[in-house]
2 protein chains.
Amino acid sequence: MRKSKRARLEAAGWAVGSVKEFLRLSEADAILIEMKLALSRSLRDRRKKQGLSQVQLAERLQSSQSRVAKMEAGDPSVSMDLLVSSLLLLGASPADLANAIRGGEKKTGPRAA
Amino acid sequence: MRKSKRARLEAAGWAVGSVKEFLRLSEADAILIEMKLALSRSLRDRRKKQGLSQVQLAERLQSSQSRVAKMEAGDPSVSMDLLVSSLLLLGASPADLANAIRGGEKKTGPRAA
DNA sequence: TGACGCCATGTCAGATATGACATATGATCC
DNA sequence: GGATCATATGTCATATCTGACATGGCGTCA
């Protein structure tokens, strides 16, 4: 369901478990979104670090430039699976992903750019 | 595409980038699967630790017992999004997920079970 | 000015994932 | 034996995601 979850709850007239449960739900949603955004940023960083254009990356992923753009933009139509497998294809390790997920911030290049 | 990726490659007669690229692809696939399995195990652990049945968890997730079973079984029809959002709903933090993703092993309870 | 490369956004047909349901197995209790 | 609970597995209609395509904006170069 993904994005209809909230709607379904509301439509259900609140038989869910009330406020407490709702807070858990919305917090989980928020965290999930943040995680996806962190992966998005990570993807863009990796791509740039490898000197690739979105078109070139799309070729490697067997996808399209528009989808790459959406991935990097954190578009809601992009799944975590796609983000993760793209990152893996760019050479990211599980540890790298774990890092990205945690703080979202970088860690390798100190003096940014 | 998910599972048709390999097939598409083969059908394409290998215009992809050859062996090296293929290795990257299959390795990325393998890692992705391992990550999902790690999340599956993590989900089952959390559920049991909270003394919930699959049915009870399904209610919280607004899903069904069969889907929970598939999640825990590492069924290929289960997305990472679903696994992650389920874990979050069970109270897992991003740090917890990062841990699960990395080694896959546990870390809290030393004397296992 | 035009041409070109890079990225963003919208749309859509086809591919996948999802919840719901049915049904099966095993364990436990009476 | 039957009844009950927890879990596994298969199917299916519908919801969601995906790649492809079109298009527009923006900067650069000649």
Side-chain angles (χ1 to χ4, degrees), chain A residues 1-9 11-12 15-16 25 28-29 32-33 36-37 39-41 43-89, chain B residues 1-9 11-12 15-16 25 28-29 32-33 36-37 39-41 43-89:
Chain A
M1 52 2 210
R2 197 99 343 164
K3 60 191 314 183
S4 62
K5 191 177 280 183
R6 183 77 50 89
R8 287 220 273 135
L9 284 182
V16 190
L25 263 180
D29 273 8
L32 183 64
I33 291 179
K36 286 212 205 176
L37 287 178
L39 293 175
S40 294
R41 289 189 290 268
L43 182 66
R44 186 185 290 261
D45 285 356
R46 271 191 182 268
R47 176 177 65 80
K48 297 216 160 176
K49 217 162 270 175
Q50 301 193 19
L52 298 172
S53 70
Q54 291 185 344
V55 172
Q56 290 173 312
L57 176 54
E59 284 167 7
R60 293 206 190 182
L61 298 177
Q62 305 209 113
S63 180
S64 58
Q65 178 268 328
S66 58
R67 190 125 303 267
V68 172
K70 287 180 220 291
M71 284 193 238
E72 294 185 352
D75 189 291
S77 83
V78 174
S79 74
M80 206 161 163
D81 295 68
L82 188 61
L83 285 168
V84 168
S85 56
S86 298
L87 279 164
L88 290 176
L89 225 49
Chain B
M1 58 350 218
R2 199 105 333 173
K3 60 192 313 184
S4 62
K5 192 177 281 184
R6 182 81 48 90
R8 287 219 272 135
L9 284 184
V16 190
L25 263 180
D29 273 8
L32 183 63
I33 291 180
K36 285 212 207 177
L37 287 178
L39 293 175
S40 294
R41 289 189 290 269
L43 181 66
R44 187 186 290 261
D45 285 357
R46 269 192 184 267
R47 177 176 64 81
K48 296 215 160 176
K49 217 162 270 175
Q50 301 192 18
L52 298 173
S53 69
Q54 291 184 345
V55 172
Q56 291 173 311
L57 177 53
E59 284 167 5
R60 292 205 191 183
L61 298 178
Q62 306 209 112
S63 179
S64 59
Q65 178 268 328
S66 58
R67 190 125 302 267
V68 172
K70 288 182 220 290
M71 283 193 236
E72 294 184 351
D75 189 290
S77 84
V78 174
S79 75
M80 207 162 161
D81 295 68
L82 188 60
L83 285 168
V84 168
S85 57
S86 298
L87 279 164
L88 290 176
L89 224 48

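All chains are named by letter (A, B, ...) in the order of the sequence lines, taking the proteins before the strands, and each is independently numbered beginning at 1.
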Self-check item: Any donor-acceptor N/O pair under 3.5 Å between D:dA6 base and B:Gln65 side chain
Solution: no
Self-check item: Phosphate contact (C:dC7 OP1 or OP2) by A:Arg47 side-chain N/O below 4.0 Å
Solution: yes
Quiz item: Do B:Lys36 and A:Asp81 meet the salt-bridge criterion of a basic N to acidic O distance under 4.0 Å?
Solution: yes
Quiz item: Which one, D:dC17, C:dT18, C:dC21, comes nearest to the side chain of A:Ser79?
Solution: D:dC17
Quiz item: Which atom names give the shortest non-hydrogen contact between B:Leu37 and B:Gly74, and what distance separates them?
Solution: CD2-CA, 4.0 Å
Practice problem: Send over the distance from A:Gln62 CD to D:dT18 C1', rounded to a whole Å. | Solution: 13 Å
Quiz item: Between D:dC17 atom P and A:Leu61 atom CG, what is the distance in whole Å?
Solution: 18 Å
Quiz item: Does the side chain of B:Gln54 get closer than 4.0 angstrom to OP1 or OP2 of D:dA8 through an N or O atom?
Solution: yes
Quiz item: Which nucleotide in the list D:dA8, C:dC7, D:dA6 gets nearest to the side chain of A:Ser53?
Solution: C:dC7
Quiz prompt | Nearest-Å distance for atom pair CG/C1', residues A:Leu52 and C:dC7 | solution = 15 Å
Quiz prompt | Minimum-distance nucleotide (side-chain atoms of B:Val78 versus C:dT18, C:dC7, C:dA8) | solution = C:dT18
Exercise. Let me know the distance between CD of A:Glu59 and C1' of D:dG19, rounded to the nearest Å.
Key: 14 Å
Quiz item: For A:Ala73, what residues pass the side-chain contact (heavy atoms from CB on, under 4.5 Å) criterion, not counting sequence neighbours?
Solution: none
Quiz prompt | Value in whole Å for how far the P atom of C:dT18 lies from CG of B:Leu57 | solution = 14 Å
Quiz prompt | Listed partners of B:Ala28 passing side-chain contact (heavy atoms from CB on, under 4.5 Å), at least two apart | solution = A:Leu88, A:Leu89
Quiz prompt | Listed partners of A:Arg47 passing salt bridge (Lys or Arg N to Asp or Glu O under 4.0 Å), at least two apart | solution = A:Glu72
Quiz item: Do any of residues 67-75 of chain B sit with a heavy atom less than 4.0 Å from DNA chain D, and if so which?
Solution: B:Ala69, B:Lys70
Quiz prompt | Residues forming a side chain to side chain donor-acceptor pair (under 3.5 Å) with B:Ser64, sequence neighbours excluded | solution = B:Ser66
Quiz item: Counting side-chain heavy atoms from C-beta on, which of D:dT7, D:dT9, C:dC7 comes nearest to B:Ser66?
Solution: D:dT9
Quiz item: Can you name the residues that form a side-chain contact (heavy atoms from CB on, under 4.5 Å) with A:Glu59, not counting sequence neighbours?
Solution: A:Val55
Practice problem: Rounded to the nearest angstrom, tell me the gap between atom CG in A:Leu82 and atom P in D:dT18. | Solution: 5 Å
Quiz prompt | Residue whose nearest DNA chain D nucleotide is more 5′ - A:Met80 or B:Lys48 | solution = B:Lys48
